[in-house]
Amino acid sequence: MGNLIGDSGPNTMPCGKPVAVAHYFTEKSWIEGSALQQLADMAHMPGMLSIAGFPDLHPGKYGPVGMAALSTRLYPQLIGTDIGCGMSLFELDLPLRKFRIEKAADALRQLETPAFGQMDSDAMENARSLVAKADTLGTIGGGNHFCEIQAVGELLCPEASLHLDKQKTYLLVHSGSRNLGAIVFADTLAGNASLDEGLDPASDAGIAWLTRHDLCVDWAALNRQIIAERAAAVLRTEVRLIADVPHNLVRAGAEGHVHYKGAAAVTAGVIAPIAGSRASLSYVVEPLAGAAISHWAISHGAGRKYDRRNMHGRTGNTRSERESLLRNAWGGVAICDDRRLAVEEAAGAYKSAAQVVEDLAGHGLIRPLAAMKPLVTYKKVDIDHDEAKRDKGRERRQERRRKRG
DNA sequence: ATGTCC
């Protein structure tokens with residue numbers, strides 16, 4: 001069970017009932033003070049019943065990232081813009097022995113273009129039916145989003161072989177509802193004088209947000225499926241979904257709504273990915289019955305150590321530094337044409353997923369199944385740059401033809 | 001996070 005704080009003083013509700021703020025991490029996980037303060041401040045929100053902080057806790061705009069909170073009222077700002085964001089893990093029908101890093105990296109560069117109108121699949125049809133405008137469907141987006149081909153680094157318990165195979169390759173997709181969730185949140189901010197007291201889930205405003213929230217959650221899950229299908233198509237293989245775990249959403253329960261912000265909303269018996277940084281190990285874990293205490297939430301990744309602004313100047317100052325940002329210790333590569341994004345998303349900006357997993361296991365929330373190595377990470381392609389390169393190649397070929405006569 | 005803020 002987490003270390004409970006706030007049984008008196010500022011964390012006591014006006015009615016006198018204390019709001020439990022549980023920490024599911026140890027002192028080994030360094031947590032920024034402002035994130036702890038944001039977590040403690042949530043105890044003052046009307047209707048708040050229980051708050052859980054995880055080892056990847058870090059500060060966010062309207063509240064901390066890496067938390068789960070049970071409340072009788074709805075707080076859209078705790079979920080933020082990327083409603084439905086999550087991680088999906090797929091098994092690729094591509095044996096590790098046949099896998100070629102450079103070839104796969106080249107193929108994945110095609111993922112930047114929108115999939116809208118370019119592919120047929122059940123997931124695509126379902127997602128299209130949810131919203132009239134779906135032009136970003138099948139695209140990964142920016143920030144910490146990615147699509148990564150992985151291999152098993154180590155199986156951490158005998159049962160792991162029921163789920164994962166060292167001879168196979170896997171695909172981890174981290175993406176969300178793209179511009180759809182951003183529109184829903186902007187509308188919600190504009191349509192409500194204040195969200196400070198939260199929304200009554202039974203009110204018109206509460207129902208309006210919940211309805212659009214549910215649509216974003218479904219759309220985001222389909223978006224991840226479509227991204228995986230597109231990746232499989234360019235890699236000339238197939239994908240099989242192993243687990244789809246959202247980490248930015250609310251879930252209705254008997255006592256209220258659980259708000260998951262950068263905390264994976266897991267299900268008993270379904271395995272879940274915990275992402276490392278793009279040049280460090282990720283993990284696959286099995287949620288245990290003990291996760292009921294944390295509202296069936298666990299960490300979804302390593303968590304940031306430095307915020308984006310803080311990263312500029314720390315690395316990427318020389319050509320060789322920039323090149324090393326796109327390589328990892330296992331011979332893997334990252335595709336990121338955006339220099340600023342590469343710096344902001346450098347492995348050094350993140351804490352260790354291994355420590356996150358250790359803390360969660362220590363609190364009885366999970367059992368680690370496997371450590372996963374990054375082989376090819378797709379982040380961002382500069383389409384214009386790619387086109388310019390193609391144009392240049394065409395010019396050169398024409399020039400050669402002219403010379404030959 | 002966001003076809004992003006200048």
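Every chain is numbered from 1 and lettered A, B, ... according to where its sequence line falls, protein lines coming before strand lines. The structure presented is a predicted model; accordingly, all values stated were derived computationally and were not measured. The basis for the numbers below is simple: all heavy atoms, side chains too, and nothing from hydrogens, waters or symmetry mates.
- Listed by first then second residue, pairs satisfying salt bridge (charged side-chain N to carboxylate O under 4.0 Å, His left out) with a partner in residues 193-212 of chain A read A:D187-A:R212, not counting sequence neighbours.
- Within the structure, a side-chain polar atom (N or O) of A:R178 is placed less than 4.0 Å from OP1 or OP2 of B:dT2.
- Residue A:N179 places none of its side-chain N or O atoms closer than 4.0 Å to OP1 or OP2 of B:dA1.
- Distance CD (A:E344) to C1' (B:dT4): 12 Å, rounded to an integer number of Å.
- Atom NE2 of A:H145 and atom P of B:dT4 are 16 Å apart (whole Å).
- Along DNA chain B, the nucleotide nearest A:D338 and the nucleotide nearest A:D82 are compared for position; the residue whose nucleotide lies closer to the 5' end is A:D82.
- With rounding to whole Å, A:K61 atom NZ is found 14 Å from B:dT2 atom P.
- Protein atom CD of A:Q77 is 18 Å distant from nucleotide atom C1' of B:dT2, rounded to whole Å.
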- Message: If you apply the rule side-chain hydrogen bond (donor to acceptor under 3.5 Å, both in side chains), what do you find for A:E148 with A:Y170, and how did you get there?
- Response: CA-CA 8 Å; A:E148 183 169 279; A:Y170 296 86; over 6 Å; no
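- Note: A:H259 and A:Y75 have tilted aromatic rings, judged against thresholds of 30 and 60 degrees for the angle between ring planes.
- Distance A:L249 CG to B:dA1 P: 16 Å, rounded to the nearest Å.
- Atom CZ in A:F185 sits about 11 Å away from atom C1' in B:dA1, given to the nearest Å.
- Nucleic acid contact class of A:G181 (heavy atoms, under 4.0 Å, all strands): none.
- For the pair A:L341 CG and B:dT4 C1', the computed distance is 13 Å after rounding to whole Å.
- Using a 4.0 Å heavy-atom cutoff across all strands shown, A:G143 reaches sugar-phosphate atoms only and no base atom.
- For the salt bridge (charged side-chain N to carboxylate O under 4.0 Å, His left out) condition, no pair includes a residue of residues 43-61 of chain A, sequence neighbours left out.
- Look at OH on A:Y62: it is 15 Å from P on B:dA1, rounded to the nearest Å.
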